[in-house]
Amino acid sequence: MPTQLNSQPVLTTALAHRSIRKFAAEPVAPEQLTAVLEAGRAASSSSFMQCIHIIRVTDPAVRELLYQIAAQQEYVRLAPEFLVFCIDYTKHRRLVPDVQTDYTEAMLLGAVDAGITAQNVLLAAESLGLGGVYIGS
């Protein structure tokens with residue numbers, strides 16, 4: 001992770017949290033994006049399963065589809081970055097084809113891990129002076 005970034009202390013950042021729904025037109029600096037994604041990668045994982053993937057959506061056509069799915073929330077189109085946090089047991093199935101991932105506990109573990117990962121990403125972004133909002137659609 002780049003060491004040149006100025007970030008706020010974690011408590012200052014966490015206590016100042018606000019959901020941001022209006023975004024500047026300027027792109028997120030590559031080193032900032034790398035840092036926030038690394039913060040997500042470093043998140044705690046239930047049972048060390050690491051079943052989360054973060055998908056960075058850059059294609060305007062895909063964003064348009066997500067905009068339609070997400071109750072036409074305009075910031076899906078307008079945010080400089082749009083990240084989707086997914087539960088994904090694909091790598092587990094590749095390593096152990098008969099692994100049991102189709103049960104409720106696996107889904108719950110994945111959902112918790114997705115939330116932890118997303119929180120790490122947003123907290124890191126906010127510590128760098130960026131803003132964000134979760135989409136609940």
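Quick caveat: nothing in here was measured; it's all calculated off a predicted structure. Side chains are part of it too, since the values below use all heavy atoms of this structure and drop only hydrogens, waters and symmetry mates.
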- Task: I would like to know whether Q73 and R21 meet side-chain contact (heavy atoms from CB on, under 4.5 Å); could you show each step before the answer?
- Result: CA-CA 9 Å; Q73 298 175 73; R21 291 177 175 86; 5.8 Å; no
- Query: Using a side-chain heavy atom cutoff under 4.5 Å and only I, L, V, M, F, W and Y, what cluster partners does V96 have?
  - Reply: L95, V99
- Following the transitive rule for hydrophobic clusters with a side-chain heavy-atom cut-off under 4.5 Å over Ile, Leu, Val, Met, Phe, Trp and Tyr, establish whether V121 and L128 coincide in one cluster. yes
- Task: Let me see the working for F82 and R77 under side-chain contact (heavy atoms from CB on, under 4.5 Å), right down to the final yes or no.
- Result: CA-CA 8 Å; F82 192 79; R77 289 177 171 164; over 6 Å; no
- Result for side-chain hydrogen bond (donor to acceptor under 3.5 Å, both in side chains) between E126 and one of H17, R18, Q8 points to H17
- Task: Report, as yes or no, whether the 6.0 Å neighbourhood of atom CD on E105 holds more than 12 heavy atoms from other residues, nucleotides or ligands.
- Result: no
- Query: If every non-hydrogen atom of A35 is compared with every non-hydrogen atom of L5, which pair is closest and at what distance?
  - Reply: CB-CD1, 3.4 Å
- Item | Check: S46 main-chain N/O paired with D113 side-chain donor or acceptor under 3.5 Å | yes
- At what distance, to the nearest 0.5 angstrom, does CD1 of I52 lie from CD1 of I87? 5.5 Å
- Note on the structure: Correct closest heavy-atom pair for S44 and I116 would be O-CG2, 3.8 Å
- Taking the side chain from T34 and the backbone from E31, do they hold a donor-acceptor pair closer than 3.5 Å? no
- Task: List the atom of A79, the atom of R63, and the distance in Å for their closest heavy-atom pair.
- Result: O-NH1, 2.6 Å
- Message: I need the minimum non-hydrogen distance between G110 and C51, along with the two atoms involved.
- Response: CA-SG, 3.6 Å
- Query: Nearest heavy-atom pair of I135 and A70: which atoms, and what distance?
  - Reply: CG2-CB, 3.8 Å
- Rounded to the nearest 0.5 Å, what's the gap from CZ on R56 to CG on L33? Could you check? 5.0 Å
- Message: To the nearest 0.5 Å, what is the distance between NE2 on H53 and OG1 on T90?
- Response: 7.0 Å
- Query: Just one of L66, L65, V57 clears the side-chain contact (heavy atoms from CB on, under 4.5 Å) bar with V76, so which one?
  - Reply: L66
- Without hydrogens or angle criteria, can the side chains of Q100 and Y89 be said to hold a donor-acceptor pair below 3.5 Å? no
- Check for a donor-acceptor pair, side chain of Y75 on one end and backbone N or O of V133 on the other, with a separation under 3.5 Å. no
- Query: Could you state the interatomic distance from CG (N120) to CG (L37), rounded to the nearest 0.5 Å?
  - Reply: 11.5 Å
